[in-house]
Amino acid sequence: SAAPLVLAFSEFDDSPEAWARYDKVSFRDLCIRLGVSRRCYEEVFEPMILTGLFAPGDQCSAAAALGMAYFFVLRQQTSFDVRWCRGNIGDMIF
């Protein structure tokens, strides 16, 4: 479940204080600490972090991940349009 991350998303207001607080921990560690399910992390959050920040969640600070979500989901909602591929991505593209 992704529900535990709701608190972190609601606390992250893009302020310098929020960046300082969440920059000390990786996004993966934040998810583990908050109890996000492994399946949810691997199927939803990790792909978003890889495509948005071009690095895995264990190499990105939670601040960077939350900042990306804040920008695309809250501030620029029309810029964020997720489409999930049905089937193997390699087969669909090539």
Side-chain angles (χ1 to χ4, degrees):
S1 169
L5 269 181
V6 172
L7 177 62
F9 283 123
S10 67
E11 286 181 353
F12 190 85
D13 59 2
D14 205 32
S15 68
E17 295 81 17
W19 277 89
R21 180 172 50 248
Y22 286 102
D23 207 26
K24 298 173 184 173
V25 62
S26 74
F27 183 68
R28 176 70 178 131
D29 288 343
L30 177 68
C31 289
I32 290 170
R33 187 180 306 162
L34 295 177
V36 173
S37 71
R38 178 185 209 111
R39 181 176 179 194
C40 182
Y41 177 81
E42 291 175 355
E43 293 183 10
V44 178
F45 293 117
E46 184 74 1
M48 286 175 46
I49 299 303
L50 286 168
T51 57
L53 298 175
F54 306 105
D58 62 349
Q59 295 179 19
C60 296
S61 74
L66 294 172
M68 180 190 69
Y70 178 84
F71 179 80
F72 285 113
V73 177
L74 298 177
R75 294 187 66 214
Q76 304 291 331
Q77 291 180 6
T78 59
S79 300
F80 192 71
D81 190 17
V82 175
R83 298 284 189 246
W84 299 107
C85 182
R86 292 177 188 250
N88 183 290
I89 294 172
D91 292 343
M92 300 299 284
I93 294 174
F94 305 106

Linking I/L/V/M/F/W/Y whenever their side-chain heavy atoms sit closer than 4.5 Å, directly or via other members, would Leu50 and Val44 fall into one cluster?
no
For Leu34, check side chain to side chain contact (heavy atoms under 4.5 Å, CB included) against everything at least two apart and list the hits.
Pro4, Leu5, Ala8, Leu30
Rounded to the nearest 0.5 Å, how far apart are CD1 of Ile49 and SG of Cys60?
6.0 Å
side-chain hydrogen bond (donor to acceptor under 3.5 Å, both in side chains): which pairs involve residues 24-36, sequence neighbours left out?
Ser26-Asp29
Decide yes or no for Leu66 and Trp19: does some side-chain heavy atom of the first lie under 4.5 Å from some side-chain heavy atom of the second?
no
Which residue pairs satisfy the side-chain hydrogen bond (donor to acceptor under 3.5 Å, both in side chains) criterion with at least one member in residues 58-67, sequence neighbours excluded?
Asp23-Ser61
Single-linkage hydrophobic cluster Phe12~Leu53, side-chain heavy atoms < 4.5 angstrom
yes
Just so I know, are the side chains of Phe27 and Glu46 near enough to count as touching, which here means a heavy-atom distance under 4.5 Å?
no
Consider only side-chain heavy atoms of I, L, V, M, F, W and Y, link residues closer than 4.5 Å, and tell whether Tyr41 and Met68 are in one cluster.
yes
Looking at Glu11 and Arg21, what are the two nearest heavy atoms and their distance?
O-NH2, 3.9 Å
Straight-line distance of Cys31 SG to Phe45 CZ, nearest 0.5 Å
6.0 Å
Please walk me through it: do Arg38 and Glu42 pass salt bridge (Lys or Arg N to Asp or Glu O under 4.0 Å)?
CA-CA 6 Å; Arg38 178 185 209 111; Glu42 291 175 355; 3.1 Å; yes
